[in-house]
Amino acid sequence: MSLLGREAGTRSFVIRNGRITRSQKKALEELSDSYLLEEDLTSLNKSTFFQENKDLVLDIGFGSGESLIHLATNFREKNFLGIEVYLSGIGGVLRNAKEENLTNIKIINGDAEDFLTNKLKGIAFSSILCLFPDPWPKKRHHKRRLIKEDFVHTLKTVTKLNGQVMFKSDWQDYFDSAEEIFLKSDSWEEVNEHEYNEEFKKLPQTRFERKAIREGRRINYSVFKRIG
Ligand SMILES: C[S@@+](CC[C@H](N)C(=O)[O-])C[C@H]1O[C@@H](n2cnc3c(N)ncnc32)[C@H](O)[C@@H]1O
């Protein structure tokens, strides 16, 4: 068993030492104190971030953070939490957050499954983004996919009543199975585009999305509202 309490073979990511550019490293050194929260949230008391009476938006596995930075810049009245395992993406986000003078964004470097299931207590989000989670296309790897029954149950516990979760994927079978998991639960219903929370209507096209389109894959997305 791993420290996270799960076999490495069932995690939605593999630990690898990704290349970190000099500017990402510099951002991590200089800006972590301002933007990073420890996974056990010991720094939470230092931060009024979760206590402010504002909508809270979560971006799970934000990658290089194009959507996260874009939304935090466009919705300064809301607070944004991003969670990502890879430091290179986090370094880039810290640099961009500083450049945009963002005060409405916090980052956690960790495993979203572990963090949301075991560590985050008493906090619920009005919107959650799960954009292009790793597809793990081989059948024997499907157990590594983030969107599975247990995790959708966890999402229910961290989504406000009437809050919304967006799932977007360029892998048809992943999209179909995620949709099935959400909809077989009484806790979620799919919403029409005109009812989407406003940040879901303003998403930029990310690098992953452009690559998928170039390679001829169809982009599917759904938004699920927590109704119970
Ligand atoms: C395919 S990328 C998509 C990035 C981004 N959401 C986008 O749309 O461009 C998936 C990202 O999820 C991250 N990830 C995978 N499993 C994760 C987990 N359990 N917790 C946090 N991040 C995770 C990966 O590190 C990777 O950056």
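Atoms within each ligand, like the ligands themselves, are counted from 1 in listed order. Sequential numbering from 1 along the given sequence is applied to the chain's residues.
- On a distance-only criterion, Glu113 and ligand 1 share no N/O pair closer than 3.5 Å.
- A donor-acceptor pair is defined here as one N or O able to donate and one able to accept, closer than 3.5 Å; such a pair exists between the side chain of Asn104 and the backbone of Lys78.
- At least one heavy atom of Glu84 sits closer than 4.0 Å to an atom of ligand 1.
- Checked by distance only, ligand 1 and Leu146 stay at 3.5 Å or farther apart across all their nitrogen or oxygen atoms.
- If you look at Phe132 next to ligand 1, the close heavy atoms, those under 4.0 Å, come from the backbone and the side chain alike.
- At a 3.5 angstrom cut-off on N or O pairs, Leu131 counts as close to ligand 1.
- Note: no N/O pair closer than 3.5 Å links Pro133 and ligand 1 by distance alone.
- Remark: side-chain polar atoms of Glu179 are not paired, donor with acceptor, to backbone N or O of Asp176 under 3.5 angstrom.
- At a 4.0 Å heavy-atom cut-off, ligand 1 does not touch Phe115 at all.
- Arg226 places a side-chain N or O within 3.5 Å of a backbone atom of Thr159 that can act as its donor or acceptor partner.
- If you number the atoms of ligand 1 from 1 as listed, the ones under 4.0 Å from a heavy atom of Gly63 come out as 4 (C), 27 (O).
- Interface of Asp111 with ligand 1, defined as ligand atoms under 4.0 Å from a residue heavy atom, comprises 18 (C), 19 (N), 20 (N).
- The shortest distance between side-chain heavy atoms of Phe62 and Ile90 falls below 4.5 Å.
- In this structure, Tyr174 has its ring center under 6.0 Å from that of Phe167.
- The backbone N or O of Ile219 sits nowhere less than 3.5 Å from a side-chain atom of Asp170 that would complete a donor-acceptor pair.
- Near Ser12, with a cut-off below 4.0 Å to any heavy atom, the atoms of ligand 1 are 15 (C), 16 (N), 17 (C), 18 (C), 19 (N).
- Shown in contact with Val85 at under 4.0 Å from a heavy atom are these atoms of ligand 1, numbered in order with element: 21 (C), 22 (N), 23 (C), 25 (O).
- Within the structure, the closest approach of Cys130 to ligand 1 does not fall below 4.0 Å when heavy atoms are considered.
- By the neighbour-count criterion of 12 heavy atoms within 6.0 Å, atom NZ of Lys201 is densely surrounded, having more than that number from other residues, nucleotides or ligands.
- Atoms of ligand 1 lying under 4.0 Å from any heavy atom of Gly110, numbered from 1 in the order shown and given with element: 20 (N), 21 (C).
- Glu209 and Arg217 are not joined by a salt bridge, as no carboxylate oxygen comes within less than 4.0 angstrom of a charged side-chain nitrogen.
- For Tyr221, the OH atom counts as loosely surrounded, since its 6.0 Å shell holds 12 or fewer non-hydrogen atoms of other residues, nucleotides or ligands.
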